[in-house]
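Everything below concerns the one structure shown next.
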Amino acid sequence: MRIEFPDGDVEVFEPGTTGMDVAESISRGLAKKALACTLDERLLDLTVPLPADGSIRILTFADDRGKEVLRHSAAHLMASAVKSLFPGTRLGIGPAIEDGFYYDMDIPDFPGSSALEGVEAEMRRQVEEDVPFKRQEMDLSEALQLFEELGETLKLELLRELQHKGETRVSVYRHGDFVDLCRGPHVPSTGLLRHFNLLGVAGAYWRGDERRQMLTRIYGTVFDSAQGLKRHLQLLEEARKRDHRKLGKELEMFTVGGEGGPGLAYWYPNGTVVLEELERHWKEAHRAAGYQLIRTPHIAPAELWQTSGHYDYYRDNMYFLDVEGAEYALKPMNCPGHMLIYRGRKRSYRELPMRLAELGTVYRYEKSGVLHGLMRVRGFTQDDAHIFCSQNQITDEIKGVVRLALYFLKIFDFGYKIRLSLMDAAEADHYAGNEESWRTVEPVLAQALEEMEEDYAPVTGEAAFYGPKIDIDLRDALGRLWQGPTIQFDFNLPERFDLTYVGSDGAAHRVLTIHRALYGSMERFVGCLIEHYAGNLPGWLAPMQCIILPITSEQREKALEVFRRLEDVGLRCAVDDSSETVGYRIRQAETSKVPFMLVIGEREVRSDMAALRVHGEGDRGSIPVDEAVETVREACRRPALPNGG
RNA sequence: GCCCACGUAGCUCAGUCGGUAGAGCACAUCCUUGGUAAGGAUGAGGUCAGCGGUUCAAUUCCGCUCGUGGGCUCCA
């Protein structure tokens, strides 16, 4: 048989040759690292004979598909360990996921996370034994019988579903006594699964359906090397250290939940400084980009929510109140208020594009179990805006919004990934607005991104029911992705509110509406910033920017003089003349992550100097006070505003 | 909301196999005037999350409630 290698070489092999044979023919090293292979892009086990001629690729951990095979095999290994320790365990599903794997199982009398050590030990035993994974294909009816005998009722359900889809042949994988319905492929043997770690236990509904049985989900991760595993575990540890809930408490920024109510944030003075600086800059940047700021109330009559559709479609997430016998709702979104402001009077095409922005606080009922620090709360402030424009303005408007969004991300050195969510034409009737709007707008979104030379991933079927959207995920300092700016067309609300403008032809036209939020939620964004910077916020956001430390009370006057000079240039600073040693006061300032300290002793007083100390870096030596003030001021300067809209 | 785990001083945590509790940090007072990440002494501070049950006795065992965490689901 003729096998083509990735470099284009073709070699002839005996029939019955396996992927492993091919890997060995290339090099011993590759064979050792090989996890699976693809033949003409079809995934295959290394241990089965290659079915035909074709172009082969040997997959290792360096390849995403290789990672997936390793992780999925580790899931099987874990499941087999659980089954041998907890007889009667029924298997659900056990896929590879980003960074690892899980397996959902119904485990009788499972004691919880305390059992993980035992499971790991059993897995290690099987790794040492180096048990081979074996693929076996069979008729679906045969498989039904097999899993019936094994009592694997959940697997039977999956099989019946396959049967419904018209499948007739399935594959199972065995290693040792363990059998699992599985498409595969798998690594050749359990010996390759040496570098794993079990990470946690959680409940998960069978098939993700909350009406179904709750299974036990065990999470784990696996790598091809001890270093890889170690690095990953260190990353998890670093993420734990940066947890905004922990740092938020330590730095006295905020509390959320507890006595104050689940999902509700209380901002302490330090956190409030951060929020206000962000908001001030946000407002200035938006004015510079041609937005007009507005404000809308926190409650509105039920009728408004009926008009917008929220009353019918979003009510499970809304809080209602009684006002003199009339029904009101706490606003879960700012959009309806913005629509009302647009509709405040007849609008002319000359007013468009009209960009209305608001830092609007909204309240949404979220199930208690989903609340998470500042990332998921019940009351939060959206940096919301609606752009009302005409058809021929949409390209410029989209570009303007994307540019503004990227401007904000760049300030904080976030990386990003753009997703373009489009409608699924097969389900056209699920969407609001007329089809023509979708057909004109969707290509414009793509075109705008292309003209800006931004990479993006189009995703069909991911559009909101009311319009296509551009979502930007931001990547933080640890490489984690967070939900970032979102730019959404809305074909629904302009119709519901009957929003029009008078064109140059004197006729009324339906106005187009772009709904966008860049930070998303101010609360969540601050949480994200705290984790991104590990609490060491950039100077302009630091709640306290500079602490002045007189070495003895002799230098108190000089310290106060320096303090006033810093204050005069608008810096947040304080003199720490408490009766503690210098070392102690420095430590205080360091642990509270104040970016700068100016230490003033007798020497500095004599020469009108201050010793500058930079957080995390240490003593920079004495410099003239003028220079010190300028250095701190420069480092705490607010970001430049965007130019033009 | 559901599954599992957890809840001891402001914070981080010991402890009590059932006899009502302790450390470090933080806080207060005093001493200390100290040159780049913790000077010393003294003191105050807890209905052991809340309610109920079992018990001679509950912070400890059981139940419920509330809250928190890891997930499921959903979303900003």
Side-chain angles (χ1 to χ4, degrees), chain A residues 102 104 106-107 110-115 199-219 243 245-246 249-250 252 255-263 314 316-317 332-334 360-362 364-384 464 471 482-486 488 515 517-525 527-528 549-556 577-592 597-604 611-622:
Chain A
Y102 68 78
D104 285 349
D106 176 22
I107 312 173
F110 188 68
S113 52
S114 59
L199 298 173
V201 181
Y205 299 108
W206 171 230
R207 322 229 62 191
D209 184 341
E210 62 183 322
R211 289 161 307 190
R212 306 292 302 269
Q213 179 188 4
M214 176 74 66
L215 302 177
T216 300
R217 173 174 296 183
I218 304 180
Y219 283 95
D243 191 314
R245 293 166 298 185
K246 179 173 173 281
K249 189 181 275 179
E250 280 170 15
E252 294 186 45
T255 59
V256 53
E259 255 188 308
Y314 204 71
D316 287 350
N317 287 289
M333 294 191 192
N334 299 302
T361 303
V362 297
R364 298 182 187 173
Y365 168 72
E366 300 281 2
K367 291 174 180 175
S368 58
V370 307
L371 303 174
H372 178 89
L374 289 178
M375 300 304 178
R376 197 64 189 278
V377 288
R378 286 179 173 161
F380 59 98
T381 301
Q382 285 184 304
D383 64 319
D384 218 345
D471 289 306
W482 304 81
Q483 191 173 324
T486 178
Q488 317 182 337
H515 168 172
L518 306 184
Y519 289 147
S521 140
M522 298 307 288
E523 286 74 4
R524 191 183 61 191
F525 194 74
C528 191
L549 299 174
I551 291 196
T552 75
S553 46
E554 290 292 300
Q555 293 87 39
R556 199 162 166 276
D577 60 352
S578 59
S579 87
E580 297 288 352
T581 60
V582 183
Y584 181 87
R585 286 176 286 157
I586 286 175
R587 184 183 151 79
Q588 288 293 303
E590 288 288 348
T591 55
S592 53
M597 275 171 253
L598 293 175
V599 181
I600 296 173
E602 203 193 329
R603 290 199 299 271
E604 283 75 19
L612 177 68
R613 194 188 157 94
V614 181
H615 170 59
E617 293 176 24
D619 188 13
R620 287 279 190 83
S622 292

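Reminder, nothing fancy here: chain letters follow the sequence lines and each chain counts from 1.
B/U59 sits 23 Å from B/G67 when the P atoms are compared, rounded to a whole Å. B/A44 and B/A28 have their P atoms separated by 16 Å, given to the nearest Å. Across B/A38 and B/C64, the matching P atoms stand 50 Å from one another, rounded to whole Å. For the C1' atom pair drawn from B/A58 and B/C17, the interatomic distance equals 14 Å after rounding to whole Å. B/A26 and B/U12 have their P atoms separated by 15 Å, with the value rounded to a whole Å. Nucleotides B/G39 and B/G34 have their C1' atoms positioned 8 Å apart, rounded to a whole Å. Taking atom P on both nucleotides, B/C48 is separated from B/U36 by 47 Å, rounded to a whole Å. Annotation: B/A14 and B/G24 have their C1' atoms spaced 10 Å apart (nearest Å).
For A/D383 (side chain) and A/G520 (main-chain N/O), a donor-acceptor pair under 3.5 Å exists by modelled atom type. Between the side chain of A/E366 and the backbone N or O of A/V377, no donor-acceptor pair lies under 3.5 Å. The backbone N or O of A/P332 lies less than 3.5 Å from a partner atom in the side chain of A/R364, making a donor-acceptor pair. Remark: the backbone N or O of A/P550 is not paired with any side-chain donor or acceptor of A/R556 at under 3.5 angstrom.
Heavy atoms of A/R376 sit under 4.0 angstrom from at least one base atom. At a threshold of 4.0 angstrom between heavy atoms, the contacts of A/G369 include nucleobase atoms, whether or not backbone atoms are also involved. Residue A/E250 is classed as having no contact, given no heavy-atom separation below 4.0 Å to the nucleic acid. Within 4.0 Å (heavy atoms only), A/E523 reaches no atom of the nucleic acid at all. Across all strands, A/Y314 comes closer than 4.0 Å to no nucleic acid atom at all (heavy-atom distances). The residue A/V362 sits apart from the nucleic acid: no heavy atom pair falls under 4.0 Å. The residue A/G520 sits close only to the backbone: its heavy atoms come under 4.0 Å of sugar-phosphate atoms, none of a base.
Contact annotation: A/H372 side-chain N/O to B/G71 OP1/OP2 distance is not under 4.0 Å. Proximity of A/S368 to the phosphate of B/G1: a side-chain N or O atom is located under 4.0 Å from OP1 or OP2. Note on A/K367: every side-chain N or O is 4.0 Å or more away from OP1 and OP2 of B/C72. Proximity of A/R585 to the phosphate of B/U33: no side-chain N or O atom is located under 4.0 Å from OP1 or OP2. Of the side-chain N and O atoms in A/R245, one or more sit less than 4.0 angstrom from OP1 or OP2 of B/G69. Between A/Y205 and B/G71 there is no side-chain N or O to OP1 or OP2 distance below 4.0 Å.
Between the CG atom of A/L371 and the P atom of B/G70 there is a distance of 11 Å, rounded to whole Å. As a whole-Å value, the separation of A/R378 CZ from B/G67 C1' is 12 Å. Across the protein-nucleic acid pair, A/Q213 atom CD and B/G1 atom P stand 22 Å apart, rounded to whole Å. One interatomic measurement links the two molecules: NZ of A/K246 to P of B/C25, which rounds to 19 Å at whole-angstrom precision. In this structure, the NZ atom of A/K249 is 11 Å from the C1' atom of B/G69, given to the nearest Å. Look at CG on A/D209: it is 13 Å from C1' on B/G1, rounded to the nearest Å. Atom CG in A/L215 sits roughly 13 Å away from atom P in B/C4 (whole-Å rounding). Atom C1' of nucleotide B/G35 and atom CG of A/L598 are separated by 15 Å, given to the nearest angstrom.
Taken from CG in A/D243 to NZ in A/K249, the straight-line distance is 10.5 Å, to the nearest 0.5 Å. Taking CG from A/L215 and CG from A/D106, the interatomic distance works out to 6.0 Å, rounded to the nearest 0.5 Å.
In this structure, A/E366 and A/D243 both approach RNA chain B, and ranking their closest nucleotides by distance from the 5' end singles out A/D243. Judged by closest nucleotide on RNA chain B, A/M214 is the one of A/M214 and A/Q488 placed further toward the 5' end.
With a 6.0 Å radius and a threshold of 12 heavy atoms from other residues, nucleotides or ligands, A/E259 has its CD atom at or below the threshold.
Side-chain proximity of A/P262 to B/C74, B/G67, B/C11: nearest is B/G67. Comparing B/G34, B/G71, B/G1 by their closest approach to the side chain of A/Y219 singles out B/G71.
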Annotated protein contacts, base or backbone, on nucleotides 36-45 of chain B with a non-hydrogen cut-off under 4.0 Å, one of B, S, - each: BBBB------
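Residues A/I218 and A/I107 form a side-chain contact, since some pair of their non-hydrogen atoms from C-beta on lies under 4.5 Å apart.
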Watson-Crick and G-U pairing of RNA chain B, under 3.5 Å, as dot-bracket with | and [ ]: (((((((..((((.....[..)))).(((((.......))))).....(((((..]....))))))))))))....
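Contact record, A/E580 with A/R585: O-NE, 3.1 Å, taken as the closest heavy-atom pair. The heavy-atom pair separating A/H372 from A/R245 by the smallest distance is CE1-NH1, 3.2 Å.
Screening A/L612, A/I586, A/D619 for a side-chain contact (heavy atoms from CB on, under 4.5 Å) involving A/M597 leaves a single residue, A/I586.
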Side chain to side chain donor-acceptor pair (under 3.5 Å) between A/T552 and A/E554, intermediate numbers included: CA-CA 5 Å; A/T552 75; A/E554 290 292 300; 5.5 Å; no
